[in-house]
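Values in this document were obtained by computation on a predicted structure and should not be read as measured data. Computed over heavy atoms, backbone and side chain alike; hydrogens, waters and symmetry mates excluded. Below, read A as the first sequence line, B as the second, and so on, with proteins coming before strands; counting in each chain starts at 1.
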Amino acid sequence: MDNNNNNKNINNNESNNNKDNLCDIDDKNKIDDENVLYRLSLNPNKGGLQNVDKEKINKIIYEVSKGSAFFKNAKEKEKAHFEKIKEIKKKYLFLKNQPMEYEKQQMKNIMNKMESDRDLSQYIVHVDMDAFYASVEELDNPELKNKPMAVGSKSMLSTANYEARKYGVRSAMPGYIALKLCKNLIIVPTRFERYHELSHQIRNIIANYDPDYCPASIDEVYLNITNFLNDNPNYTPSKVTEELREEIYKQTRLTASAGIAPNICSDMNKPNGQTELKNCTDEILKFLKDLPIGKVSGIGKVAEKTLNELGIKTCGELKENMVYIKELFKPSSYQFLLSASLGLGRTKIENKWKRKSISVERTFSNTSEIQKLEDKLHEISCKLANDVKKENLKGKSVTLKLKTSSFEILTRCLTISKYIYQQEDLYKVGKKVKFIYIIFF
DNA sequence: ATACATACC
DNA sequence: TACTGGTATGTAT
């Protein structure tokens, strides 16, 4: 959903006060609140909120959050990450002083090989609905259209309409903070059934262009229009995409944005409307050169910061530094970053999704009363048994997750010898999962 | 196999 | 008053 969009837009422009100077390791021994705010996507320096009084908004957000347990927890995590970064930086400085001639040549070979394997034959489109939940609510209640409105609750918002965004309200923001920013904000509760209904409708339209489309979330789909283009030679990729978006609008009165690219690097960024990246290596590399790494799907706040601290801010810089990345990161991270730096994604769209887990979680007010906790366990085991039954599933590994009042997450897992699916069994195993241990230690 | 962190929407 | 909920994957032990 647009969660991601908002976060990704808050990217690092010139605002980084760390100067990514590799010699200032010791100066940066302290974690200031600004770092924590960035971790929470609330960095006062970063934008993403056009035409708004950023300073005022960020001040309000900071004032509301700073003393909270939530903020403290984030600060602890930030500290831990900072220690990790220090280690990586040390190694990096060492490597920078090595000639690395052999490794550099090797990296060139690897990249050349990957470049020659690049598949430019496919046209992949990524379709993403605009402010989906909020747009659906406006659709069903047009009175909301010109008023600041968000979908969710006082605890958490899923998405906000554009009117609300003017005030700095956005997805993944607690509703009570949003209300501080915009006291007239209307908060509408979620209606998942309705969103799913429309999601279905939209997918049916998309199926006309690629019956093997792949849903990425409730409001996002990948499709391969190569066959459609072959069957309809009078179309261009952007014409297909335009028509597809128009068709969605005609049938649902909802708008969508889309990216067109030769592989799934189209999930790198999604501005409004549609953007086409031509099936041409030079175009791709040009596009990537100045693309902030944080825009890459799969690089979140933490990885972005780690790389930024190494002086790597764009995919172009990432590509130049891959020799070092190979040494500094674990193999799978290295592989991922290498592909990202070259703008290589999957060229095939697989929609044979198989679920690997199913879960239910609920947040409740602080308590250490054993009875209340057991009641909660009962409640979630009922919901879980219900969901499991609906999908005709069974499993033999049960994980219990507990969030403390200080926002620490504890998990304990128990794998048993036979598959279970009934509520009573789920509850029993849930209780066995070192439950007492979690609570008291 | 288990615990925890990160990422995405 | 109040910072979600669901799924996947990576990393460390």
Side-chain angles (χ1 to χ4, degrees), chain A residues 1-8 36-37 39-42 61 64-74 76-78 80-81 84 126 128-129 131-133 150-159 170-180 187 189-190 192 195 199 215-221 267 270 294-306 329-337 353-366 380 383-384 387 391 396-403 405-417 433-434 437-438:
Chain A
M1 297 240 336
D2 45 308
N3 250 356
N4 181 34
N5 257 340
N6 287 340
N7 294 341
K8 298 289 184 192
V36 183
L37 277 170
R39 169 177 278 265
L40 304 178
S41 294
L42 303 173
I61 295 174
V64 181
S65 335
K66 68 176 178 191
S68 68
F70 184 81
F71 194 93
K72 261 179 221 144
N73 178 256
E76 288 306 308
K77 284 190 176 155
E78 185 64 18
H81 183 221
K84 249 188 192 164
H126 177 235
D128 186 15
M129 300 305 295
F132 188 50
Y133 294 179
V151 178
S153 70
K154 284 193 179 176
S155 297
M156 184 51 65
L157 302 179
S158 296
T159 187
R170 53 180 198 268
S171 0
M173 176 182 275
Y176 69 93
I177 293 180
L179 282 166
K180 298 264 186 214
I187 298 181
T190 46
F192 285 108
Y195 311 144
S199 176
S217 73
I218 188 167
D219 75 327
E220 252 185 310
V221 159
D267 61 8
K270 307 157 281 200
K295 295 255 180 190
V296 178
S297 177
I299 298 183
K301 293 269 143 43
V302 176
E304 179 192 32
K305 180 149 191 201
T306 308
F329 289 71
K330 298 285 167 240
S332 72
S333 306
Y334 151 71
Q335 284 297 341
F336 168 74
L337 292 171
W353 179 78
K354 270 264 179 286
R355 87 155 60 242
K356 296 176 185 67
S357 68
I358 185 162
S359 64
V360 172
E361 60 182 73
R362 290 287 173 268
T363 301
F364 49 91
S365 49
N366 296 338
I380 59 174
K383 172 78 163 55
L384 184 59
D387 294 354
E391 301 224 22
K396 53 178 181 175
S397 196
V398 176
T399 298
L400 191 65
K401 173 174 160 181
L402 193 80
K403 180 159 67 189
S405 54
S406 51
F407 291 90
E408 275 175 302
I409 307 286
L410 305 170
T411 63
R412 293 294 180 273
C413 174
L414 181 62
T415 303
I416 51 179
S417 53
V433 182
K434 299 185 197 163
Y437 174 87
I438 290 193

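Each of C:dC3, B:dC8, C:dA2 was ranked by its minimum atom distance to the side chain of A:Phe407; first place goes to C:dC3. Of the candidate nucleotides C:dC3, B:dA3, B:dA7, B:dA3 has the atom nearest to the side chain of A:Arg412. Checking C:dG5, B:dT6, C:dC3 against every side-chain atom of A:Tyr176, the shortest atom distance belongs to C:dC3.
Of the candidates A:Leu410, A:Val433, A:Ile409, A:Ile380, A:Lys401 forms a side-chain contact (heavy atoms from CB on, under 4.5 Å) with just one, namely A:Ile409.
Here A:Ala303 lies in heavy-atom contact (under 4.0 Å) with sugar-phosphate atoms only. Counting non-hydrogen atoms under 4.0 angstrom, A:Lys180 reaches nothing in the nucleic acid.
Rounded to whole Å, atom P of C:dC3 lies 14 Å from atom NZ of A:Lys154. When rounded to the nearest whole Å, the span between CD of A:Glu408 and P of C:dC3 equals 16 Å. When the P atom of C:dT4 is taken as reference, atom CZ of A:Phe364 falls 12 Å away, rounded to whole Å. Going from atom NZ of A:Lys403 over to atom P of B:dA5 covers 14 Å, rounded to whole Å. Rounding to whole angstrom units, NZ of residue A:Lys295 and C1' of B:dA7 are separated by 17 Å. For the pair A:Ile177 CD1 and C:dC3 C1', the computed distance is 7 Å after rounding to whole Å. Atom CZ of A:Phe336 and atom C1' of B:dA7 are 10 Å apart (whole Å). One can place CZ of A:Arg170 at 16 Å from C1' of C:dT4, the figure rounded to the nearest angstrom.
For the ring-ring contact (aromatic ring centres under 6.0 Å, His included) test, residues two or more places apart in sequence or in another chain that qualify with A:Phe70 are A:Phe407. Not a single salt bridge (Lys or Arg N to Asp or Glu O under 4.0 Å) links A:Lys84 to another residue, sequence neighbours left out. A:Ser397 is linked by a side-chain contact (heavy atoms from CB on, under 4.5 Å) to A:Cys413, A:Thr415, counting only residues two or more places apart in sequence or in another chain. The salt bridge (Lys or Arg N to Asp or Glu O under 4.0 Å) search around A:Glu408 returns none, not counting sequence neighbours.
Between the side chain of A:Ser199 and the main chain of A:Ile218, a donor-acceptor pair closer than 3.5 Å is present.
Rounded to a whole angstrom, the distance from the P atom of C:dT4 to that of B:dA5 is 16 Å.
Using a 4.0 Å cut-off between charged side-chain N and carboxylate O, A:Glu78 and A:Lys301 make no salt bridge.
Of the side-chain N and O atoms in A:Ser65, none sit less than 4.0 angstrom from OP1 or OP2 of C:dC3. Between A:Thr415 and B:dA1 there is no side-chain N or O to OP1 or OP2 distance below 4.0 Å.
The nearest pair of heavy atoms linking A:Asp128 to A:Glu220 is OD1-CG, 3.5 Å. The nearest pair of heavy atoms linking A:Thr190 to A:Tyr195 is CA-OH, 3.6 Å. A pairwise comparison of heavy atoms in A:Leu157 and A:Ala150 identifies CD1-CB, 3.7 Å as the closest pair.
For the segment residues 66-73 of chain A, the set of residues with a heavy atom within less than 4.0 Å of an atom of DNA chain C comprises A:Phe70, in numerical order.
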Letter by letter from the 5' end, nucleotides 6-13 of chain C scores (B base, S sugar-phosphate only, - none; protein heavy atoms under 4.0 Å) SBSSSSS-

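Each of A:Ser397 and A:His81 lies near DNA chain B, and the nucleotide nearest A:Ser397 is the one positioned closer to the 5' end.
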